[in-house]
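Below: the structure, in structure tokens.
Worth knowing before you read on, the calculation uses all heavy atoms, side chains too, and leaves out hydrogens, waters and symmetry mates. Positions are given from 1 along the sequence.
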Amino acid sequence: MKRLLLPLALLYSAAASAQTAPPTVGDRPLLQVKPKVVAAAKPGKPPLPSQLQACLEIEDGSRERLDCYDAVIAPQPKPKPPKVKAVTDCRFTKEQDERLSCFNGFVEKLQKPQG
């Protein structure tokens, strides 16, 4: 019985110590990258252009970019959305692809021309 307990105790302690230490490469711990979260605009206040422009850093056409826009301007889909006149009107568009292209169109116009 003692022969069985000693190896099990060694295996258990080795597994427990391996789980407590963070993963490393060489002597440096691995970095964990967190997704960029854009601060949402307060209700009743228009979104800041910088909040929307931060979403342009995310890959174009991706779900993550739409989620970023939706965090700044919460979606409120309507069956028959009104004609889009401002960036805040994009939230009424029901289809995700159309809403993403609506946001992209307005936000890309906000970018300052490089020159």
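In this structure the side chain of Phe92 never reaches within 4.5 angstrom of the side chain of Pro77, judged on heavy atoms. The side-chain heavy atoms of Leu56 and Asn104, taken from C-beta on, include a pair separated by under 4.5 Å. Counting only heavy atoms from C-beta outward, the side chains of Arg99 and Pro75 approach each other to under 4.5 Å. Inter-residue side-chain proximity for Ser101 and Asp97 is flagged as unmet; no heavy-atom pair is nearer than 4.5 Å.
Under a hydrophobic clustering in which Ile, Leu, Val, Met, Phe, Trp and Tyr are joined whenever their side-chain heavy atoms come within less than 4.5 Å, directly or via other members, Tyr69 and Val84 fall into the same cluster.
Considering CZ of Arg63 and CD of Gln96, their distance stands at 4.0 Å, rounded to 0.5 Å. Atoms CD and CG, from Glu95 and Leu100 in turn, are 12.5 Å apart once rounded to the nearest 0.5 Å. Atom CZ of Phe103 sits about 8.5 Å away from atom SG of Cys55, to the nearest 0.5 Å. Between the CD atom in Gln76 and the OG1 atom in Thr88 there is a gap of 10.0 Å [rounded to 0.5 Å]. Taking CG of Leu52 as the reference point, atom CD of Glu108 lies at 12.0 Å (rounded to 0.5 Å). The CD atom of Glu59 sits 7.5 Å away from the CD atom of Glu64 when rounded to the nearest 0.5 Å.
Under the salt bridge (charged side-chain N to carboxylate O under 4.0 Å, His left out) criterion, Asp89 pairs with no residue at all, not counting sequence neighbours.
Counting non-hydrogen atoms of other residues, nucleotides and ligands closer than 6.0 Å to CG of Asp60 gives a total above 12.
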